[in-house]
Amino acid sequence: MRDYDPQSIEKKWQQRWRDSRAFEVAEDPGRPKFYCLVMFAYPSGHAHVGHVRNYMIGDVVARTRRMQGYNVLHPFGWDAFGMPAENAAIKHGIHPERWTLDNIAHMKGQLQRLGISYAWEREFATCERDYYKWNQWIFLRMFERGLAYRQRSAVNWCPSCETVLANEQVVDGACWRCDTQVGTRELNQWFFRITRYADALLEGAERLEQWPEQVLTMQRNWIGRSHGARVRFAVIPGREADAAEEPVEVFTTRIDTIYGATAVLLAPEHPLAERLAASSADPAAFRAQLDRFRALDRTARTTGQIEKEGFDTGRQALNPFTGKPVPIWIANFVLAEYGTGAIMAVPAHDQRDFEFARRYGLPVTVVVQPDGAPPLRGETLEAASAEHGVLVDSGPFSGLSSAAAMRAMTQAAEERGTGRGEVQFRLKDWGVSRQRYWGTPIPIVYCETCGTQPVPDEDLPVELPRVEQFSGRGDSPLAEVPEFVATACPGCGGPAKRETDTMDTFVDSSWYFYRYCDPRNDAQPFDPATVAYWGPIDFYSGGIEHAILHLIYSRFFCRVLNDLGMVEHEEPFKRLLTQGMVLRNGAVMSKSRGNVVDPDDMLATYGADALRLYEMFVAPPEREIEWTDAGLEGSYRFLGRVWRLVSAFCTAAPDCPALDAVDLQSADRALRRRTHDTIRRVSSDIDVRVHLNTAVSALMELVNELYAFCARERIGVEQPAADESGRPPRPAALAVVREAVEALVLMLSPFAPHLAEELWEVLGHAGGVVAAGWPECDEEAARAEEIVVPVQVNGRLRARLTVAADAPPDMLEALALKDPHVGAHTAGKRIAKVIVVPGKLVNVVARSREDR
RNA sequence: GCCGGAGUGGCGAAACUGGCAGACGCGCUGGACUCAAAAUCCAGUGAGGUUCACCCCUCGUGUCGGUUCGAUUCCGACCUCCGGCACCA
């Protein structure tokens with residue numbers, strides 16, 4: 001018997017798969033398709049065992065579906081644009097392209113040595129001109145539709161990365177990549193109008209039934225839909241000379257509290273603030289105050305880390321409901337970018353307004369009394385009461401509930417022309433301009449005569465010029481390349497300048513999954529017919545860190561492409577799995593912590609199959625796992641156990657009879673039951689729940705059972721094939737073992753594909769496990785003849801009955817009551833009732849005689 | 001503060017629809033094999049009590065309470081941890 005030698009087996013099968021193009025696919029309308037995708041990789045250098053866990057999960061799903069007869073698309077590629085490449089260039093003088101391509105080559109080798117079944121012929125990297133050309137093409141379609149626009153605005157600026165960040169890329173006020181505190185800059189920036197799809201993205205989320213609740217919640221929070229009303233407060237003229245002002249519009253979600261609005265507060269950036277300054281008694285002092293507020297740290301301002309301050313403008317506005325004047329103040333905590341940039345202050349019912357009012361002595365007027373609480377009084381209030389309740393001192397609306405008042409008052413405002421119902425979103429448009437080199441050039445030209453001009457499709461791609469020197473400072477590196485900047489205007493042919501910013505790399509990853517469907521198309525991003533066949537993605541797996549970034553951008557792109565008629569579906573990912581990270585010594589693996597485990601080191605000792613099996617077995621895919629060498633060792637031992645089992649069986653039974661040619665004994669039927677029960681469990685664990693850990697443990701149980709069975713039947717696992725008397729094993733026993741072993745090998749193949757292919761061949765099959773197909777559960781064989789039914793007395797286990805599987809309830813009851821253990825616990829008691837769940841359990845309810 | 005998720009042996013975990021808590025693996029203990037070891041195979045392994053032993057009993061799924069014949073599972077309150085949102089009007 002050969003020993004299990006993963007190195008030689010793995011090399012052999014990887015070679016065979018490559019030679020036979022085993023995982024390459026084409027559209028085939030005659031077969032059901034399955035698109036299995038893992039988030040593509042940023043080629044940072046080396047993959048560690050944490051990165052590859054995700055690829056293993058996807059591979060188990062892909063290999064299983066393939067065996068089940070699906071036409072499986074399982075592609076891989078590289079998210080190859082990005083800052084680390086450019087930083088390497090700055091630090092080590094390696095060109096970003098060289099660095100990126102070297103890393104890709106290394107990581108691809110790692111994945112291939114793990115035996116992940118990718119359709120490598122579809123591989124691409126986003127930094128290739130054949131890919132980013134289509135980023136530009138999509139950008140232009142969005143430009144045509146007003147979905148890409150340019151605007152000067154205050155943006156998040158990372159001083160370390162020297163570039164703009166989208167709101168999604170600012171985490172706790174710091175850069176998502178380098179953790180530096182983010183500042184503000186005023187820049188001309190390109191934006192994608194994702195807000196146009198805010199409602200669609202929110203509603204679409206309701207139908208994503210196979211997404212983790214956590215991710216959906218995060219997306220809902222991020223979109224931040226608020227239903228409220230926009231209300232107009234007329235501005236009362238100050239001096240005679242003042243021009244008539246437009247009314248101030250405020251957004252509120254609590255129009256029911258408007259009778260308690262005792263001030264209007266403007267953001268320092270509000271346009272009216274500027275005009276009020278001009279007409280004020282001391283414009284210079286007014287502006288100095290505004291400037292002081294505007295200069296406040298942006299993050300502090302948007303996260304409530306500043307003292308609430310403000311000043312009275314000296315002007316007043318009319319509350320459209322009370323008809324009374326209220327002062328207009330400037331307040332530093334009012335955000336220009338949310339709602340209308342102005343609010344009505346209701347100190348009694350909003351904590352922020354309350355703090356502001358107490359500080360400056362503004363009146364606090366209670367207009368909503370919460371149910372069942374003692375009446376509130378403005379003078380004695382210690383904190384705002386934000387609860388809904390019943391309206392008081394609110395004119396004709398007094399006595400209404402908050403909810404009813406919101407409807408009635410919104411309607412009243414509409415009728416009087418002083419307001420209307422409105423929905424606001426927290427979601428902002430996606431700023432995509434980046435002042436960096438290693439990204440997709442934005443295909444726009446600026447002409448003195450014609451203005452902003454899109455680059456015509458036929459001139460795409462706007463190629464990224466070769467830049468050799470990177471300082472890492474200053475504006476866009478492309479601005480330093482005169483031959484790139486200087487161009488002819490596509491409109492008039494006159495001299496013009498190219499846009500020198502590049503696109504956010506999240507643009508690349510927002511549609512790459514469609515490119516896999518048609519990766520070499522040079523006429524369009526992809527042929528819609530290919531996506532109609534493969535899409536949407538049936539199974540998508542990746543890290544939770546992309547819950548809002550990549551996954552919301554991709555959903556947005558999907559809808560844009562749907563509007564363009566290129567994609568039929570509205571949601572790109574049917575099922576999402578967020579896999580847990582691999583920790584070591586309680587921390588995420590990272591080079592800086594020095595706790596990374598390189599898969600290649602594990603391959604040398606244990607092989608890819610053991611590594612794969614270990615990472616799938618240790619916990620469900622969603623959960624994070626702690627790396628242990630002992631666990632890997634255990635998986636390796638299990639594979640050795642399988643190897644010896646199958647090898648010994650083949651030696652013991654070179655020819656073994658067919659199942660239907662033998663008479664089965666009860667023990668044989670029991671093994672068959674275990675075999676088919678295992679098929680049922682493993683199939684549903686992989687297909688339905690993706691609980692790969694319990695699938696593996698079911699296989700382990702089957703192996704344990706087989707060892708015991710073979711020992712009893714003298715099918716030489718450790719002993720010779722015949723016992724001392726020279727009597728060979730029973731043919732029926734051999735036949736059921738063969739069935740079990742074959743099912744085992746096939747079901748193990750998604751987890752340990754090399755070992756399984758080798759054993760399948762050893763078992764005498766040519767053509768591989770995919771041709772063999774996934775084993776079918778024979779319900780008849782899986783059905784138990786005898787079952788063990790637990791018997792409880794008052795819910796506590798007291799006995800077990802071994803009965804026929806179809807024993808009727810009254811028989812179970814009679815047997816239970818006859819049992820001596822049951823009798824011991826019911827002695828001296830009255831049996832109130834007996835609950836019988838056929839096939840499951842019996843529960844005898846016994847009461848003391850006194851109890852009624 | 002709001003929203004979501006989690007809490008089970010020495011450890012990773014399982015229990016899928018309210019029905020035998022701890023499957024499977026790691027670790028540990030003992031045995032077989034061996035000159036010996038490694039490897040392998042077999043057995044045991046939640047805590048406590050009782051017993052020569054087999055049996056048997058009590059407790060036990062973060063805490064307290066509830067619903068139920070029966071709760072890791074459902075409900076209420078609370079504690080702890082993880083994640084998201086948060087001066088968003």
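Residue numbering restarts at 1 for every chain, and letters A, B, ... go by the order of the sequence lines. Computed from a prediction, not measured in an experiment: that's the story for all the values here.
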Nearest to the side chain of [X] - [options]?
X	options	result
A/E213	B/rG19, B/rG4, B/rC16	B/rG4
A/A630	B/rC85, B/rU58, B/rC26	B/rC26
A/T217	B/rC3, B/rA23, B/rG12	B/rC3
A/L797	B/rC20, B/rC16, B/rA23	B/rC20
A/K428	B/rG19, B/rC88, B/rC85	B/rC88
A/H825	B/rG25, B/rG19, B/rC57	B/rC57
A/V845	B/rC69, B/rA89, B/rC24	B/rC69
A/F251	B/rC41, B/rC56, B/rA89	B/rA89
A/L335	B/rA89, B/rG19, B/rA13	B/rA89

Any [X] side-chain N or O less than 4.0 Å from OP1/OP2 of [N]:
X	N	value
A/H691	B/rC16	no
A/R798	B/rC57	yes
A/Y707	B/rC41	yes
A/R623	B/rG83	no
A/S226	B/rA89	yes
A/R641	B/rA39	no
A/R644	B/rC41	yes
A/R689	B/rA15	yes
A/R637	B/rG27	yes
A/N843	B/rU68	no
A/N693	B/rC24	no

[atom1] atom, [N] versus [M]: distance in rounded Å?
N	M	atom1	answer
B/rU63	B/rG7	C1'	12 Å
B/rU17	B/rC69	P	23 Å
B/rG27	B/rG9	C1'	12 Å
B/rU34	B/rA47	C1'	38 Å
B/rG18	B/rG76	P	16 Å
B/rU8	B/rC24	C1'	16 Å
B/rU73	B/rG62	C1'	16 Å
B/rG30	B/rG83	C1'	46 Å

Inset, instruction - State whether A/F333 and A/K308 meet the cation-pi test: NZ (Lys) or CZ (Arg) under 6.0 Å from the six-membered ring centroid, and within 45° of the perpendicular axis. - result: yes
Legend entry - A/Y4 six-ring face occupied by A/R644 cation (under 6.0 Å, within 45°): no
Any base atoms under 4.0 Å from [X], or only sugar-phosphate, or nothing? Heavy atoms, all strands.
X	value
A/R680	nothing
A/R800	base
A/V346	nothing
A/D353	nothing
A/H349	nothing
A/I306	base
A/V215	nothing
A/P620	sugar-phosphate

Legend entry - Contact nearer the 5' end of RNA chain B, comparing A/R796 with A/S697: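 Residue closer to the 5' terminus by nearest nucleotide: A/S697.
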Legend entry - Nearest-nucleotide comparison on RNA chain B, the residue closer to the 5′ end among A/G634 and A/G795: A/G634
Legend entry - Pairing partner of B/rG27 (Watson-Crick or G-U wobble, both distances under 3.5 Å): B/rU45
Inset, instruction - Check whether any side-chain heavy atom of A/E633 sits under 4.5 Å from a side-chain heavy atom of A/Y606, and report yes or no. - result: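 Yes, at least one pair of side-chain atoms sits under 4.5 Å.
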Inset, instruction - Please examine the side chains of A/Q579 and A/L577, heavy atoms only from C-beta on, and report whether any two atoms are closer than 4.5 Å. - result: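 With C-beta onward as the side chain, the pair touches.
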Inset, instruction - Assign B/rG22 to syn or anti; the rule is syn for a glycosidic angle within 90° of 0 and anti otherwise. - result: anti
Legend entry - Over 12 non-hydrogen atoms of neighbours within 6.0 angstrom of CD in A/E545: yes
Inset, instruction - Answer yes or no: does atom CD of A/E206 have more than 12 heavy-atom neighbours from other residues, nucleotides or ligands under 6.0 Å? - result: yes
Legend entry - Side chain A/N221 and base B/rC85 donor-acceptor under 3.5 Å: no
Legend entry - Near-ring test A/Y553/A/W430, centroid separation under 6.0 angstrom: yes
Inset, instruction - Answer yes if the ring centres of A/F617 and A/F751 are under 6.0 angstrom apart, and no otherwise. - result: no
